[in-house]
Amino acid sequence: MDRSNHHRVEPYLSTHSLLPENQETPIQFIKTDDTDNKLFYRRNHFSYPPLSYSNYWLPINGIVSTPILLSMQDILHLPSKTIQVVLECSGDKRNLFEPKVFGVQWGKGAISQGYWKGVPLRTLLELSGIREGAKEIVVEGYDFGERTDINKVFSYARSLPIEKAIHPDTIIAYEYNNQPIPFKHGYPLRLIVPQWYAMASVKWIKQIRVIDFNFTGPFQTIDYVYYPNKENNKDAFPVTTINVNSTIQKPLDMEILNTGKHLIKGIAWTGNGFITKLEISVDGGSTWLNAKLEPTKDSSYGWQSWSYEWTISKKGEYMIVSKATDSYGRIQPTIPFWNKKGYGYNAIDKIKVKVE
């Protein structure tokens, strides 16, 4: 009897809720630069929509010269591109905020990445022709349901300013890692917006609408907004670009180690530019050392893997800290920007280990 795989243990998603399904990636155990679709985190506001690929059409309408209706075959025949993109939920690491905030208590795993193939949204908009005066592009998904704060049914819909919508790397994707996008991640079509938090990357696209005003749907003006004040909504502003960030994958938090050599490794990422430096501290931030940035095949919108070889000769407790810097000079802060809904957490990452 072949027992070669008998003791093989596979990582799996950790569950925050079942209806709607919200599950996070076991980021500490992801060893490659693209996430298997089974381990890609799942973020939903509503139940999964009922959809039929065989009768799928994509309307593009609104402030356009010619409203069009595209079949999947039409879209598959258009020039495509494949890009590696990190998708991070804007609530990633929400459970680290102090004081605590309400919402899905994501740990460090509401982030995944891989290769998305699709047609630039710009190409589709050019087919219909954007008329003068257009301000935003609204992308609506097939997922819908009732919100707890408004007694009304809404579809999940978000808008992009024209400049972001026509960026050549904003795509309508139909493949993930060389396979059709899995149903739970937006099949058959998903918007992919590099550099922005993943609330912008609408799944199960139902229609694309060009408008000449500011979209005010609840997932644009109530959710995915930074509210810096506890008492009121003053000084609120929208969640858009991903903050510079890093996560220590190894060793694990509260792990017990022996003296000797140990590899500290993790990932770092940013919305604008790329990671230029990753610093490690093994004394809680008193002194800093430069980690090695691993070579990347395509780092334009992906995370940056890094590592540091640590030799420990002294027993005791250690706090390991990671701090990333990007090409725009943005550095992870010591204290996060607290906001009422818990978005954009990006304080330096910390874990504790004990050496015996």
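Each residue takes its place number in the sequence, starting with 1.
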If every non-hydrogen atom of Thr296 is compared with every non-hydrogen atom of Gln304, which pair is closest and at what distance?
CG2-OE1, 3.8 Å
Ala268 to Leu278 - nearest heavy-atom pair and separation
CB-CD2, 4.1 Å
Can Glu146 and Lys152 be counted as an ion pair, charged N to O under 4.0 angstrom?
no
Salt bridge present between Lys81 and Asp169 (N-O < 4.0 angstrom):
yes
Can a side-chain donor-acceptor contact be found between Glu140 and Gln207 if the only test is distance below 3.5 angstrom?
yes
Check Lys341 with Asp223, please: is the shortest side-chain N to carboxylate O separation under 4.0 Å?
yes
Where do Asn229 and Lys340 land on the side-chain contact (heavy atoms from CB on, under 4.5 Å) test, with the steps shown first?
CA-CA 7 Å; Asn229 296 311; Lys340 206 157 45 175; over 6 Å; no
Salt bridge between Asp349 and Lys108, side-chain N to carboxylate O under 4.0 Å?
yes
Can a side-chain donor-acceptor contact be found between Arg131 and Ser65 if the only test is distance below 3.5 angstrom?
no
Between Gln23 and Ser14, do the side chains contain a donor N or O and an acceptor N or O under 3.5 Å apart?
no
What I'd like to find out is whether the side chain of Leu189 reaches to under 4.5 Å of the side chain of Trp204, using heavy atoms alone.
no
Check Glu21 with Arg42, please: is the shortest side-chain N to carboxylate O separation under 4.0 Å?
yes
Side chains of Tyr115 and Ile83: does their closest heavy-atom pair fall under 4.5 Å?
no
For a quick check under 3.5 Å, do Ser281 and Asp283 share a side-chain donor-acceptor pair by atom type?
yes
Between Glu279 and Ser322, a side-chain donor and acceptor under 3.5 Å
no
